[in-house]
There are 2 protein chains.
Amino acid sequence: MPTESTPARRAPRADVARNRARILEAARMLFAERGNAVQMHEVASAAGVGIGTVYRHFAAREALIEAAAEHRFADIEEFAQSVCLADTHGQGLARYLRHVGEVLERDRGLTSAIEAARGAAGSEPRGEARARLEEVIGRLIERGQAAGALRPDCAVADVYMISGCLSSVIRTRSGDWRRLLDLVVDGLRPR
Amino acid sequence: MPTESTPARRAPRADVARNRARILEAARMLFAERGNAVQMHEVASAAGVGIGTVYRHFAAREALIEAAAEHRFADIEEFAQSVCLADTHGQGLARYLRHVGEVLERDRGLTSAIEAARGAAGSEPRGEARARLEEVIGRLIERGQAAGALRPDCAVADVYMISGCLSSVIRTRSGDWRRLLDLVVDGLRPR
DNA sequence: ACCTGAACACCGTTCAAGT
DNA sequence: ACCTGAACACCGTTCAAGT
């Protein structure tokens, strides 16, 4: 008899999973090097698969970029968790934003691919990753406010907006993102 | 004899100038409505000319967008001049930035076309328009500092960076640009 | 000189055929 | 089921022919 008969989808065949992993790995390397200039055909040949296989795994170019960016949100969320738990004074939010800048800067190519692929939307996480992040950011804000280090009206929306600005400055090289961070963090202080 | 024989280029024929004006007018209307989604063929047919004529006047899509955006810099510079001359206290720079936001918001379609067309560059003016603007912004900063309303280390680069952030927030609708302005202007105050 | 638009080039995406 | 790659579609740009 077959090993399992649950209605839930079974684990993918090994070669299918490996193809997917190869495509993602190739995409991450190429986007890191050349940003939004990489073509779908390049990703396919770098991954050693046919172009059709890329589209079997990722419905469109944007979906591939989105998937390649998922690492980031995991990284950022993990850092936020540790900052949120470890911070003793009210500086958690500032450290969070600095880390966001560092992650966006470290892989500027992917940052610009994301921004270019999403027509109107910002560079925020989607779905449940977003919900989890929102929860952590909310807690960082509460702690900052409790410590008297943050304006009472500081909100999660501010943090997303500022992240988008960091992304924009880094992507366009229109200035020094650490300087922007200084200005904005200053603006977030009470009084 | 011909009216003039200077080596300087003569005035363009009337129909050529009219074609150029029609193309720009069509481009401005279309970009305002549909942002970066407008196609070169659409611009041509909306202007009532062949596609080749569009390319005779503007070497590439980006050049057309750049030209369509020139109005903006004239608008902004004029406002900066009047603010610079009229402001009594140190609020000139804040009013300047608010006006930039209003201009970018008023024609969001063009704003996003500009950002999408320029791969890496920001949404700053180029050439001599930039030089003139820089001069005025520099004076606004000096006056703000003299009035004790601005940090001593505030620089023209900060203003360009902030303008780029306003553009990003407005384009991606990732937040309330007036809120961003409040935060940043607060961060630019001394102490 | 300038205008026209058919044609080309490029690249994202599809789909019939193969395994 | 999944893979392949030739072919299609779309759109920016060019250029030979016309005025």
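Keep in mind that this is a model prediction, so the values were computed, not measured. Below, all heavy atoms of this structure are taken into account, side chains as well, without hydrogens, waters or symmetry copies. Quick note on labels: first sequence line is chain A, next is B, and so on, each numbered from 1.
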Among the nucleotides C/dC3, D/dT4, C/dT14, whichever has the atom closest to the side chain of A/Tyr55 is C/dT14

For B/His57 and C/dC3, is the shortest distance between a side-chain N/O and OP1 or OP2 below 4.0 Å?
-> yes

From the candidates D/dC3, C/dC11, C/dT14, the one with an atom nearest any side-chain atom of A/Gln39 is C/dC11

B/Val16, nearest nucleotide to its side chain (from D/dA6, C/dC2, C/dG12) = C/dC2

With a 4.0 Å cut-off on heavy atoms, is B/Ala44 in touch with a base, just the backbone sugar-phosphate, or nothing at all?
-> nothing

Taken to the nearest whole Å, NE2/A/His41 to P/C/dA9 is 16 Å

When rounded to whole Å, the CG to C1' distance for the pair A/Asp15 and C/dT19 reads 12 Å

Is the shortest heavy-atom distance from the side chain of B/Phe58 to the side chain of B/Leu24 under 4.5 Å?
-> yes

Any chain of hydrophobic side-chain contacts (each under 4.5 Å) joining B/Leu140 to A/Leu183?
-> yes

Could you let me know what D/dA16 is paired to, Watson-Crick or G-U wobble, both distances under 3.5 Å, or none if it's on its own?
-> C/dT4

Between A/Ala60 and B/Gly50, whichever has its closest DNA chain C nucleotide further toward 5' is B/Gly50

Give the rounded distance in Å between these two atoms: CZ of A/Arg13 and C1' of D/dA1.
-> 6 Å

Value rounded to 0.5 Å, distance of CG in B/Leu97 from CD in B/Glu102 = 11.0 Å

Separation of A/Ile51 atom CD1 from C/dA17 atom P, in whole Å?
-> 21 Å

Would you indicate which nucleotide in C/dG12, C/dC3, D/dC2 comes nearest to any side-chain atom of A/Arg56?
-> D/dC2

Taking CZ from A/Phe58 and P from D/dC2, how many angstroms apart are they, rounded to a whole number?
-> 14 Å

Does C/dC3 have OP1 or OP2 sitting under 4.0 Å from an N or O in the side chain of B/Asn19?
-> yes

Gap between atoms CZ and P, on B/Arg61 and D/dC10 respectively (whole Å) | 17 Å

What is the distance, rounded to the nearest whole Å, between atom CE of A/Met40 and atom P of D/dA7?
-> 21 Å

Report yes if the side chains of A/His57 and A/Leu64 come closer than 4.5 Å at any heavy-atom pair, otherwise no.
-> no

Assigned partner base of C/dC11, Watson-Crick or wobble definition, under 3.5 Å | none

Test the B/Arg130-B/Tyr160 pair against the cation-pi criterion, namely NZ or CZ under 6.0 angstrom from the six-membered ring centroid and within 45° of the ring axis.
-> yes

Between atom CG in A/Leu64 and atom C1' in C/dT13, what is the gap in whole Å?
-> 13 Å

